[in-house]
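I have placed the structure first, in the form of structure tokens, so that the comments after it can refer back to it.
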Amino acid sequence: MNDFNVNNEKTIAIISYITFIGTIIAFVINNEKKNSFVSFHIRQMLGLISLHFLSFILSTYVNGGLGLITILFAIVLWFIGFIGAIQGEEKRVPFLGDQFQEWFKSIE
């Protein structure tokens, strides 16, 4: 694979980590080409978005402190996934990366 394709894939993977809108844009772009590297990072980000949603639910309806801890944990995981995309690695986020890949395995 040439350098242009690798850099293009990395760029799309990085876009997937830029908010929910970036994830949708990366999904639409990847829908035509079906790149496994990009799909991997989209699945990771969808899991992180789910974790952010959970933190919102926790802080609103259960306990604000628990929600804060969850959101801080999600931010750390987001940073790890984002760095993996920048480095061109399929690095699963700690603790939950395997589950994210399993939950969103239909995204190819």
Counting distance only, does the side-chain N/O of [X] pair as donor-acceptor with the main-chain N or O of [Y] below 3.5 Å?
| X | Y | answer |
| --- | --- | --- |
| Thr60 | Ile57 | no |
| Asn30 | Val38 | no |
| Thr23 | Ser16 | yes |
| Ser39 | Ser36 | no |

> Can you list every pair that meets salt bridge (Lys or Arg N to Asp or Glu O under 4.0 Å) and has a residue in residues 13-37, with sequence neighbours left out?
Replying inline: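 Salt bridge (Lys or Arg N to Asp or Glu O under 4.0 Å) check on residues 13-37 returns no pairs.
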
>> If I take atom CG from residue Asn7 and atom CD1 from residue Ile12, how far apart are they, to the nearest 0.5 angstrom?
In response: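 The distance works out to 11.0 Å.
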
>> Measuring from atom NZ of Lys10 to atom CG of Asn35, what distance do you get when rounded to the nearest 0.5 angstrom?
In response: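 Reported to 0.5 Å precision, the distance equals 13.0 Å.
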
Cluster check [X], [Y]: I/L/V/M/F/W/Y, side chain < 4.5 angstrom:
| X | Y | result |
| --- | --- | --- |
| Leu54 | Phe73 | yes |
| Ile49 | Ile18 | no |
| Ile29 | Ile21 | yes |

Give every donor-acceptor pair under 3.5 Å between a side-chain atom in residues 77-94 and any protein atom, sequence neighbours left out.
| residue | atom | partner | partner atom | Å |
| --- | --- | --- | --- | --- |
| Trp78 | NE1 | Tyr17 | O | 2.8 |
| Arg92 | NH1 | Asp98 | OD1 | 3.1 |

Name every donor-acceptor pair, under 3.5 Å, that has one atom in a side chain of residues 101-108 and the other anywhere in the protein, sequence neighbours excluded.
| residue | atom | partner | partner atom | Å |
| --- | --- | --- | --- | --- |
| Gln101 | OE1 | Arg43 | NE | 2.6 |
| Gln101 | OE1 | Arg43 | NH2 | 3.0 |
| Gln101 | NE2 | Phe40 | O | 3.1 |
| Glu102 | OE2 | Lys105 | NZ | 2.8 |

Flag side-chain contact, heavy atom, 4.5 Å: [X] against [Y]:
| X | Y | answer |
| --- | --- | --- |
| Leu68 | Ile71 | yes |
| Asn63 | Leu58 | no |
| Phe100 | Leu46 | no |

>> I need the full list of ring pair (Phe, Tyr, Trp, His ring centres under 6.0 Å) pairs touching residues 18-39, with sequence neighbours left out, sorted by first then second residue.
In response: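 Every ring pair (Phe, Tyr, Trp, His ring centres under 6.0 Å) pair that includes a residue of residues 18-39, provided the two are not neighbours, is Phe37-His41.
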
>> I'd like to check the ring pair (Phe, Tyr, Trp, His ring centres under 6.0 Å) partners of Tyr61; sequence neighbours left out, ordered by chain and number.
In response: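 Expected list: none.
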
> What residues, two or more places apart in sequence or in another chain, satisfy ring pair (Phe, Tyr, Trp, His ring centres under 6.0 Å) together with Phe53?
Replying inline: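 Once residues adjacent in sequence are excluded, Phe53 has no partner under the ring pair (Phe, Tyr, Trp, His ring centres under 6.0 Å) criterion.
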
